[in-house]
There are 2 protein chains.
Amino acid sequence: MQEKSGNIMDFSTNLKEVWRMLNEEERELLRANAAIQHYKKNQQIYAEGDEPTHLMCLLKGKVKIYKEGVGGRSQIIRMIKPIQYFAYRAYFAREHYLTDAAAFEASTVCLIPMKTVRQIMKNNYNICKFFIRQLSIDLGIADERTVNLTQKHIRGRLAESLAFLIDSYGLEEDATINIYLSREDLANLSNMTTSNAIRTLANFVNDKVIALDGRKIKVIDEERLRKISKLG
Amino acid sequence: MQEKSGNIMDFSTNLKEVWRMLNEEERELLRANAAIQHYKKNQQIYAEGDEPTHLMCLLKGKVKIYKEGVGGRSQIIRMIKPIQYFAYRAYFAREHYLTDAAAFEASTVCLIPMKTVRQIMKNNYNICKFFIRQLSIDLGIADERTVNLTQKHIRGRLAESLAFLIDSYGLEEDATINIYLSREDLANLSNMTTSNAIRTLANFVNDKVIALDGRKIKVIDEERLRKISKLG
DNA sequence: ATAGAATCATGTTTTAAAGCACAAAAGTAC
DNA sequence: GTACTTTTGTGCTTTAAAACATGATTCTAT
């Protein structure tokens, strides 16, 4: 089947992990209620304070979840890659969104009304388990992140972000990290100012850990990078 | 009924929130499998790397969940108060513990084998919802915390910790915060060194926001404290 | 093609917080 | 009670990272 977004068929072919857990009746419920939405590069998907109404599944593109902190500084909390669910935490906590979400690049999202999700969860223990597991994993990551962002030094924090990007989006054949971020986004991911992100990247180039070509980051010495990340 | 820990009756009277969601059969299953455990002040409850086997519910006392970071610095991730469940994240994520837990003061914990918990969850949607909600709330707190600990200045971070302690453990009639922490623990909660915790506390006393008597912290101007916390 | 904006880069200055040193005080053990 | 350890309190020094300033480069829109 051709990749052609906007077509509801993407949805049923792409949501595989969850899809497998559903019976025909539940699948029909989803087909009837899910909607596909496209977002342009840098377009906001939801904002802090909004009421959560839909479960979202990223089908294509890259999304960042971030928070605007004190004094305009923003902090990227997590990044979403295709076939990953997001935007459900606030609903389950019975809160409004605490974070903002925006598309890094042109992205396609499948929106499922939370009402539908609940209807399915009620009778499907596997779906409940799925959310419990995802939330548990994310909470673990958040706890790790808290310590890493507060205790590691600049080099360690940047190295950690790069390692995270490698793990999330992978490397191309020539060892280029498969996502192109501005220096500012890289800084917001690593809890530092843009100048320090630039400076520290330059250091890494000097140390022959990476090579740069605009926003392309080529990983030269991954082992070393992970060591810097680990030792802080 | 007398408060008398070690007696299985505490358990059934205290776990009320969850207890209400169970039918008689499920209650019997819990009664048969739950165990009560006592921990002394500063005693470790679980350690990073341990395999999670039991759901824990704090019946009495105060517990800290923390992580040992780089260079011996430890960071308190969250604090548990009585009738709060903990220690389940790692199991649900199918990981070993990422954190350590220790009793702040003499504490009583009810241990329920995870196997039993799963057995109940399987047929009880309300229990699933309970965990989903708790995890979602905790994840929201963790996200907030990441930004607060990284972006706020020392005064803001300490004020935030004090506000958090007020919210968690309450104030006595004379406005004393109902938990006594060492300066070091306060520092670990606020992501700063012990000297800075001491210094900043002294500043707050000077500003007539709090008054100190050993480890007793009396809140003089709560509004001001929350303002400092908010503005960073 | 050209103007204007955004991004990237680098040097310099400032500052918030850590690190260190050393007492005083409070707990704890014998 | 006395010795020992831990915790608390303060002053001084150092340092990592932010803030600021200024160009160069790249992107974007008309």
Side-chain angles (χ1 to χ4, degrees), chain A residues 40-43 69-75 102 104-106 147-161 179-206 210-218 228 231-232, chain B residues 40-43 69-75 102 104-106 147-161 179-207 210-217 228 231-232:
Chain A
K40 282 181 241 172
K41 189 178 160 143
N42 292 324
Q43 196 183 343
V70 277
R73 278 180 71 194
S74 100
Q75 173 70 51
F104 253 120
E105 46 181 70
V147 175
N148 287 333
L149 288 180
T150 54
Q151 298 199 349
K152 285 182 184 171
H153 282 184
I154 278 210
R155 281 170 63 89
R157 298 205 302 272
L158 185 63
E160 161 135 342
S161 293
I179 182 174
Y180 300 153
L181 297 184
S182 68
R183 305 291 194 259
E184 191 186 357
D185 276 326
L186 213 46
N188 290 342
L189 192 61
S190 315
N191 180 35
M192 62 185 65
T193 55
T194 306
S195 341
N196 276 328
I198 291 168
R199 244 187 283 272
T200 310
L201 275 179
N203 282 342
F204 286 170
V205 171
N206 234 288
I210 59 170
L212 289 175
D213 174 14
R215 291 188 180 184
K216 274 191 185 183
I217 301 172
K218 196 181 211 171
I228 296 170
L231 299 178
Chain B
K40 282 180 240 173
K41 189 177 160 145
N42 292 324
Q43 194 181 344
V70 277
R73 277 180 71 196
S74 100
Q75 172 70 52
F104 254 121
E105 45 183 70
V147 175
N148 287 333
L149 288 180
T150 53
Q151 298 199 350
K152 286 182 183 170
H153 283 183
I154 278 211
R155 280 170 64 89
R157 298 205 302 271
L158 185 63
E160 160 136 344
S161 292
I179 182 174
Y180 301 153
L181 298 184
S182 67
R183 305 291 193 259
E184 191 185 358
D185 275 326
L186 214 45
N188 290 342
L189 192 61
S190 315
N191 180 36
M192 63 185 65
T193 54
T194 306
S195 345
N196 276 328
I198 292 168
R199 244 187 286 270
T200 310
L201 276 179
N203 283 342
F204 285 171
V205 171
N206 235 288
D207 298 349
I210 58 170
L212 289 175
D213 175 15
R215 293 189 179 184
K216 272 192 189 185
I217 302 173
I228 297 171
L231 299 179

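Every chain is numbered from 1 and lettered A, B, ... according to where its sequence line falls, protein lines coming before strand lines. Values below: all heavy atoms of this structure, side chains included; hydrogens, waters and symmetry mates excluded.
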Does a side-chain heavy-atom distance below 4.5 Å link [X] with [Y]?
X: B:I154; Y: B:R199; value: no
X: A:L201; Y: A:L186; value: yes
X: A:V70; Y: B:L231; value: no

Applying side chain to side chain contact (heavy atoms under 4.5 Å, CB included) to A:R157 and A:T200, what does each step give before you reach the verdict? CA-CA 10 Å; A:R157 298 205 302 272; A:T200 310; over 6 Å; no
Give a yes or no answer on whether the side chain of A:E105 reaches the backbone of A:K41 with a donor-acceptor pair at less than 3.5 Å. no
[N] [atom2] sits how many Å from [X] [atom1], rounded?
X: A:R183; N: D:dT25; atom1: CZ; atom2: C1'; value: 12 Å
X: B:Y180; N: D:dT8; atom1: OH; atom2: P; value: 14 Å
X: A:L201; N: C:dT7; atom1: CG; atom2: P; value: 16 Å
X: A:E184; N: C:dA9; atom1: CD; atom2: C1'; value: 15 Å
X: A:N196; N: C:dC8; atom1: CG; atom2: P; value: 15 Å
X: B:L212; N: C:dA25; atom1: CG; atom2: P; value: 16 Å
X: A:M192; N: D:dA18; atom1: CE; atom2: C1'; value: 12 Å
X: B:D213; N: D:dT8; atom1: CG; atom2: C1'; value: 13 Å

Contact under 4.0 Å: B:R215 side-chain N or O vs C:dA26 OP1/OP2: no
So, is A:T193 near the phosphate of D:dA18, with a side-chain N or O under 4.0 Å from OP1 or OP2? yes
Would you indicate which nucleotide in C:dT7, D:dA18, D:dT7 comes nearest to any side-chain atom of A:R73? D:dA18
Could you work out which one of C:dA18, C:dA9, D:dT8 sits closest to the side chain of B:R157? C:dA18
Protein N or O to nucleotides 10-15 of chain D N or O, pairs below 3.5 Å:
{"from": "D:dG11", "atom 1": "N7", "to": "B:R199", "atom 2": "NH1", "distance (Å)": "3.4"}

Please report the C-alpha distance between B:D207 and B:R155 in whole Å, then the side-chain angles of each, then the deciding distance to 0.1 Å, and finally whether the salt bridge (Lys or Arg N to Asp or Glu O under 4.0 Å) criterion is met. CA-CA 12 Å; B:D207 298 349; B:R155 280 170 64 89; 3.1 Å; yes
Please walk me through it: do A:I228 and A:F204 pass side chain to side chain contact (heavy atoms under 4.5 Å, CB included)? CA-CA 10 Å; A:I228 296 170; A:F204 286 170; 4.1 Å; yes
Looking at every heavy atom in both A:E160 and A:N148, which two are closest together, and how far apart are they? OE2-ND2, 2.8 Å
Let's see if you get this right: which residues in residues 148-156 of chain A place a heavy atom under 4.0 Å from DNA chain C? none
Walk me through whether B:R73 and B:N191 qualify under side chain to side chain contact (heavy atoms under 4.5 Å, CB included). CA-CA 9 Å; B:R73 277 180 71 196; B:N191 180 36; 3.0 Å; yes
